[in-house]
Amino acid sequence: MSRHLKQRLGYTLLALAAMAVVLPILLVVGIIVAEGAPAISWEFLTAMPREGMRAGGILPAIVGTVLLTLGTAVFAVPLGVAVAIYLAEYARDTTLTRLIRLAIINLAGVPSVVYGLFGLGLFVLFLRLGTSILAGSLTLAIMTLPVIISTAEEALRAVPQSFRVVSISLGGTRWQTVRRIVLPQALPGILTGVILGLERAAGETAPILFTVAAFFLPRLPRSIFDQTMALPYHLFVISTQVPGMPVRIQYGTALVLLIFVLSMNGLATVIRSRFRARRQW
Amino acid sequence: MKEAPKFRLEDVSYTYDGRSYALRDVSLSIYPRQVTAIFGPAAGGKSTLLRLLNRLNDLVEGGRMEGRVLLDGEDIYRPGLDVTALRRRVGMVFATPVPLPMTIRHNLTYGPQLAGVRDRRWLEQKIRESLEAAALWDEVKDRLDDPASELSGGQQQRLCLARTLMLEPEVILLDAPTSGLDPISTAKVEDSLQQLKRDYTVVIVPHNVQQAARVADYAVFMLQGELIEEGLGEELFTRPRDQRTEDYITGRFG
Amino acid sequence: MRERGRGKERAVESFTERLIRATGILVILFLVLIFLFLIQEGGAAFLEIPPGELLQTRWYPNEARFGILPLVLGSLLVTAGAAMVSLPLGLLTAVFVAEVAPRWMREVLKPFIEVLAGIPSVVLGFLGMVAISPLVREFLDAPTGLTALTGSVMLAYMALPTIVSVAEDALDAVPRSYRDAALALGATRWQTIWRVTVPAARSGILTAMMLGIGRAIGETMAVMMVTGNAARMPLTADSFLRPVRTMTATIAAEMGEVARGSTHYHVLFAIGLVLFLVTFLINLIAAWSIFRQRRRHGRLLS
C-alpha cells in the first residue's frame with residue numbers, strides 16, 4: 001500500500017472519529033429540543049407543579065437553580081479570582097505554590113458525589129446550616145473553584161508582561177498594576193471562565209442531593225436557609241422516582257435545563273470572540 | 001563638569017540564575033545634565049545595568065545583585081527604601097514602545113495618578129509640557145482621547161517618553177528607544193534628548209555605535225558583562241585606549 | 001510633582017495583598033477538609049465492621065451486609081468499558097482537530113465539544129434511559145437495557161470533552177519546527193503525526209487520559225440512571241450486558257435514606273473515601289506529568 005493511500009485512509013479514520021464524537025451531541029440536543037419543545041408553555045415555566053408533579057409547571061425548580069447559580073457565584077467568583085491573581089501575579093515558584101497547584105488539580109478531579117458528602121458533613125451538619133440554599137451554594141462553589149481559578153489564571157497570564165513592566169516602571173505598586181491594568185484587560189477572559197464554571201454548577205445534581213434539594217416543594221424558597229427544588233434534581237426525580245410520569249414533562253424539564261446551561265455556554269463563547277476581535281494587543 | 005555624580009555604581013555584579021554573571025564588578029559614575037551612552041555588543045549587560053538603576057530587576061525571579069548603587073549618595077537597595085518613589089525619580093523608556101491599552105491622555109496621567117495626583121489643571125498643563133518636550137504635541141493635541149494604540153510606532157515611542165516625563169523624574173533611562181523606528185522618528189527622539197539633558201540626567205543604551213557617537217557626552221563600552229572603557233564621548237570614539245573598544249567601534253566585530 | 005498622602009491607600013493595599021495570599025492557602029485547606037470529613041464520617045465504618053466483611057461480595061445494607069467489593073468492581077467495569085471507547089476515540093479526535101482539520105472546522109468543532117462538556121449529566125442519563133437503553137435491549141437481546149454497557153457508553157461521552165481538549169492542547173503545544181523537520185526528511189504528514197507529534201505530546205496526552213478516566217470513575221447521575229443498579233459481582237462473561245452498580249451511584253441513591261450515625265451511613269462515607277483516594281491517585285499521576293512537562297519547558301527556555 002502506498003504511503004499516500006495510507007495517509008488518505010488514516011485521515012478518513014480521524015474524520016470518522018470526530019464525527020462519532022460530534023454526531024451524538026447533535027442527536028442529543030436535537031432529540032431533546034424536538035421532544036421537549038411541545039411541553040414548553042407559559043404555564044409550564046411559571047406555575048407550581050400539581051398532581052404529584054405530573055401536571056402544572058416547574059417554576060420552583062427554575063427559581064431554585066437560578067438561586068443556586070447566583071449563590072455559587074457569590075462565593076466562588078471572588079475567591080476563585082483572588083486565587084488566580086495570587087498564582088498569576090504574586091506567587092513565585094515555591095513549594096507552597098506547587099502544593100496549591102496540586103490541590104487545584106485534585107479538587108478538579110474530586111467526584112461530584114464526594115462534594116455532596118463533604119457539603120453534608122461540613123456545611124449541613126458541622127456548621128449546622130441544614131439542607132439549605134446556603135449549604136448547597138457553598139458546596140457547589142467549592143466544586144466550581146478549580147474551573148474558575150484555572151481559566152482566570154490563564155486570562156491573567158495572557159495579558160502581555162510588558163504592560164506590567166511599564167506600570168511598575170511608572171512607579172506603580174504590584175497591586176495598582178493588577179487593579180488598573182491587568183484585571184481590566186483580563187476581565188473578558190475571566191468572565192468566560194466564570195460562566196463556564198457556573199454552567200457546570202447549574203447542571204450538577206450529585207452535590208445538591210444531600211445539601212439543598214427538595215424532592216417536592218411547591219412553593220418558592222423564603223430565605224437562604226430554605227430548601228429548594230432545582231432543575232437537575234427535579235429531572236432526576238421525575239425520570240426515576242415518580243411512576244406514571246408523562247414523558248412530555250420529562251423532556252420539557254430536560255429542555256429547560258439544557259437551554260439554561262447552553263445559553264450560559266453561548267454567552268461565554270460570544271464574550272470570548274468579541275473580546276478577541278476588540279483587544280489592542 | 002565635576003559636580004557630584006547622580007549615580008554611583010560600586011563593584012556591581014548581577015546574576016539571573018545564580019550561576020553565570022550578566023554583570024561583573026562594574027564601577028561607574030553617571031553625571032547629571034548630560035547624556036551617558038552605554039554601548040557594546042548584544043548580551044553585554046547593558047540593559048541589565050540600566051534596569052538596576054530603577055530596580056526593575058526586582059521583578060526577575062532568582063536574580064541577585066552584589067555591590068552598591070547610590071543615587072545622590074543614597075543606597076537604593078537598602079531595606080525599607082520606597083521603591084515606587086525611586087522609580088518615579090528614575091524614569092524609563094523601553095526598546096519597543098508599549099502604550100498602555102487606554103487613551104493617549106490616560107497613558108500620560110497614569111503615572112501621576114498612581115502617585116495620588118488629582119489636580120486636573122496641573123495634569124492638563126503637564127500633559128502639554130511633556131508632549132512638547134517629546135516633540136509630539138502638535139501631532140496629537142486634537143486626539144488626546146483616542147486609543148494610544150492607534151498612533152504610529154514612532155509616535156508611540158515619543159508618547160512613552162512623554163509618559164515618563166509626566167512624573168518629573170530626575171533621571172531618564174532609555175533602553176534602545178529607537179531600535180524599531182524609522183530614521184525620521186529616530187532623529188526626532190535624538191533631538192528631544194538634546195533638549196532633555198539640560199534638565200535631566202539621561203542614560204541611554206543606543207541601538208548602534210553611530211547613535212552612541214551622535215548622542216553621547218559620556219560613553220561607556222561594555223563587553224560580556226564587564227566595563228571595558230569609559231570616557232568623554234568625543235575622546236572615546238576618536239581615540240579609544242582599549243584594543244577591544246577600537247575593534248568594536250571600527251566594526252571589526254559585534 | 002505634587003503628591004497626596006498615600007498612607008491610607010497603602011494600608012488598604014497591603015491588606016488586600018495579604019488577603020489574596022491567604023486565599024491560595026485556602027485551596028489547600030479545602031482539599032484537606034474534604035479528606036478529613038470523609039475520614040471523620042467514614043472512618044467509623046472500619047471500626048464497626050471487620051475489614052474482612054467490607055471485602056465481602058454481598059451488599060445488602062438492610063441485612064447489615066456491607067461487602068463493597070461488587071460496587072468497587074462495578075465502578076471498575078463501567079470505567080474500563082468507558083476507557084476502551086473514549087481513550088482511542090478521544091485521541092483520534094484530538095489529532096483530527098489539532099493536525100488535520102482546516103481552520104474553520106476547528107473553530108466549529110471546539111465549541112461543539114465544549115457543548116458536550118456543558119450538557120448536565122442528568123440530562124444525558126435521562127436520555128440514556130429513554131432512548132439508548134431500549135436500543136441496547138433490542139439489539140443485544142438483553143433482558144434489560146439498563147446495563148454496564150449502557151453506562152460505559154454514557155461515561156465515554158462524558159469523559160470525551162476532557163480528553164479531547166487536554167490532548168488537543170498538548171498536540172498544539174508541540175513546536176512547529178518538529179513537524180517541519182520530519183516533513184523535510186520526506187515523511188508524510190500521516191507519518192509525522194504518529195512518529196513525531198504524538199510522541200512529543202505524550203505526557204500531555206497521558207494527562208488527558210488520566211483526567212478523562214478520573215472524570216468517568218467519579219461520574220454519578222448518568223451512571224446511576226442507566227446501569228440498573230444491581231449490586232452483583234460482575235465476574236461472568238456477559239457482565240457488560242447485565243445491570244451493575246457503581247460506588248458513586250450507591251452513595252447517591254442511599255445517602256438520602258440512611259439515619260445519620262448508623263453503620264450504613266458510615267459505610268457510605270467510607271465508600272466516598274475510597275472514591276476520593278482513587279481519584280486522588282489518578283489526578284496525582286495526571287499532575288505529575290503536567291509538572292514534568294513544565295520543568296522540561298523551563299529547561300528549554302533558560
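Sequence lines set the chain letters: A, B, ... in the order given, protein chains first and strands last, and positions in each chain run from 1.
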Using non-hydrogen atoms and a 4.5 Å limit, figure out which bit of Val81(A) sits close to chain C: side chain, backbone, both or neither. neither

Do you know which of Val261(A), Thr269(A), Ile142(A) has the most heavy-atom pairs under 4.5 Å to chain C? Ile142(A)

Pick one of side chain, backbone, both or neither for Ile149(A), based on which atoms fall under 4.5 Å of a heavy atom in chain C. side chain

Nearest 0.5 Å please: distance from the CG atom of Asn283(C) over to the CG atom of Leu102(A). 9.0 Å

Side chain, backbone, both or neither of Ile100(A) within contact of chain C (heavy atoms, under 4.5 Å): both

When the 4.5 angstrom heavy-atom criterion is applied to Ile31(A) and chain C, the contacting part is side chain

Starting at CZ of Phe30(C), measure out to CZ of Phe118(A) and round the result to the nearest 0.5 Å. 7.0 Å

So for Tyr115(A), is it side chain, backbone, both, or neither that comes closer than 4.5 Å to the heavy atoms of chain C? side chain

Which region of Glu89(A), side chain (C-beta onward) or backbone (N, CA, C, O), has a non-hydrogen atom less than 4.5 Å from a non-hydrogen atom of chain C, or is it both or neither? neither

Honestly, the part of Leu145(A) sitting under 4.5 Å from a heavy atom of chain C is side chain

Residue part contacting chain C, namely of Phe126(A), when any heavy atom lies under 4.5 Å: side chain

Evaluate the side chain to side chain donor-acceptor pair (under 3.5 Å) criterion for residues Arg189(C) and Gln7(A): first the C-alpha distance (whole Å), next the side-chain angles of each, then the deciding distance (0.1 Å), finally the verdict. CA-CA 8 Å; Arg189(C) 284 179 60 201; Gln7(A) 166 158 322; over 6 Å; no

Answer with side chain, backbone, both or neither: which region of Tyr11(A) has an atom nearer than 4.5 Å to a non-hydrogen atom of chain C? both

At a heavy-atom separation under 4.5 Å, does Arg272(A) approach chain C through its side chain, its backbone, both, or neither? side chain

Determine, for Glu13(C) against Arg179(A), whether the closest basic-nitrogen to carboxylate-oxygen distance falls under 4.0 angstrom. no

Proximity breakdown for Pro146(A) and chain C, heavy-atom pairs closer than 4.5 Å: neither

Can you tell me how far the CG atom of Leu209(A) sits from the CE atom of Met255(C), to the nearest 0.5 Å? 10.5 Å

